[in-house]
Number of protein chains: 2
Amino acid sequence: MKFTQATDYAFRIIFYLSQQKPGEIVEARQISERESIPIRFLLKTIRSLSQAGIVKSYRGLKGGYSLAQDPKEITLKDIVEAVEGPVRINKCLLNDKDCNKDATSWCPIHKALRNVQKVTNSELEKYNFCDLININQHRDKEE
Amino acid sequence: MKFTQATDYAFRIIFYLSQQKPGEIVEARQISERESIPIRFLLKTIRSLSQAGIVKSYRGLKGGYSLAQDPKEITLKDIVEAVEGPVRINKCLLNDKDCNKDATSWCPIHKALRNVQKVTNSELEKYNFCDLININQHRDKEE
DNA sequence: TATAAGTATACTAAATAGGTATAGAATATG
DNA sequence: CATATTCTATACCTATTTAGTATACTTATA
């Protein structure tokens, strides 16, 4: 019940890109170095973000990545889903076959778990990267 | 970001025991058969529940398991924690070493994740097995 | 057209999950 | 008190997933 390393890296990648000037293209190597992420693993991970439409990629010389959306529009949930796929708290919610319908004895539990999942997802949606970098800016000033 | 098979089995085990007469001792094989859980895996899993003080175990002839607490007092969170250990949504929350304190750039994210974790945990605490079996009873009548 | 970027796919190693086996300890019953 | 029965402890094995790497390819700029 925790996020993968790739998701954690993805959080950092988007956080880093959110701090750049809008439209600024940053190459993979720079993100990799600044955030201490193995370059090849970053390239693989960021492709999920690109395919999900969260970052734009540019090939060739002067290529790199930039956000495809305003940081305000990108939430933690978007990142998690882009990297790990939809959050499904247990198998039963994933497909009907894994939930033994004859065993009515345990289905109420899965109903409860569906609620847990719903609550978790909506909490993840509450945090966007505009707010997150502002909190950070604020904190930096204070210290 | 999902529960393990062992946790899912544990849900079913406690659900099954909650439906017995208070104090009734049920042997592992019976639970195993009724809930379609491999017996040896069940024995391993239920030991975590026993060690966490959720079930009582009785050895020898006529031995088996019964709940150590009132179903009302046992929540989904208790089960998850007994089987998987404390829920920690990412490494950073697990120990300070994994959170690079110099990289202030990504710590606000971890603050947010701590809130997500808090919300998830408190949702898991809302469901106790007394309520869960009653929902089930109710549903059975309706159908 | 050379070079510096990302893309796609496949591969490998380590960790975790899921399940099994074996030997041992406790206890009800004859 | 002997024995069968039930749980306990530990160790083991296999499959899957995670984390990371390598190679060949595509795109675009200068």
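A, B, ... follow the sequence lines: proteins, then strands. Residue 1 opens every chain.
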Quick one: does A:Val55's side chain get under 4.5 Å of A:Ile14's, heavy atoms only?
yes

Interatomic distance where [atom1] belongs to [X] and [atom2] belongs to [N] [whole Å]:
| X | N | atom1 | atom2 | result |
| --- | --- | --- | --- | --- |
| B:Ile31 | D:dT6 | CD1 | P | 13 Å |
| A:Gln30 | C:dA4 | CD | P | 17 Å |
| A:Leu42 | C:dT7 | CG | P | 11 Å |
| B:Tyr9 | C:dA17 | OH | C1' | 11 Å |
| B:Leu43 | D:dA11 | CG | P | 18 Å |
| B:Ile37 | C:dA17 | CD1 | C1' | 16 Å |
| B:Ile39 | D:dT5 | CD1 | P | 15 Å |
| B:Arg40 | D:dC7 | CZ | C1' | 12 Å |

Indicate, with a heavy-atom threshold strictly under 4.0 Å, whether B:Gly60 touches base, sugar-phosphate, or nothing.
base

When all nucleic acid strands are considered with a 4.0 Å heavy-atom cut-off, which category describes B:Gln51: base, sugar-phosphate, or nothing?
sugar-phosphate

5'-most by nearest nucleotide on DNA chain C - B:Tyr58 or B:Pro38:
B:Pro38

Quickly, which of B:Ile37, B:Ile133, B:Val26 forms a side-chain contact (heavy atoms from CB on, under 4.5 Å) with B:Tyr16? Name it, please.
B:Val26

Here's a test of your reading of the structure: between B:Leu61 and A:Leu61, which maps to the more 5' nucleotide of DNA chain D?
B:Leu61

Go nucleotide by nucleotide along DNA chain D from the 5' end; which of B:Lys62 and A:Arg59 gets its closest nucleotide reached first?
B:Lys62

Would you name the heavy atoms of [X] and [Y] that are closest together and state the gap between them?
| X | Y | answer |
| --- | --- | --- |
| A:Leu67 | A:Lys56 | O-CE, 4.0 Å |
| B:Thr4 | B:Glu84 | N-OE2, 3.0 Å |
| A:Thr45 | A:Val83 | CG2-CG2, 4.5 Å |

Report yes if at least one side-chain N or O of [X] is closer than 4.0 Å to OP1 or OP2 of [N]; otherwise report no.
| X | N | answer |
| --- | --- | --- |
| A:Arg29 | C:dA5 | yes |
| B:Ser50 | D:dC7 | no |
| B:Tyr65 | D:dT8 | yes |

Residue A:Lys44, side-chain atoms from C-beta onward, closest of C:dG19, D:dT21, D:dT8:
D:dT21

Side-chain contact check for B:Arg47: nearest option of D:dC7, C:dG18, D:dT8 is D:dT8

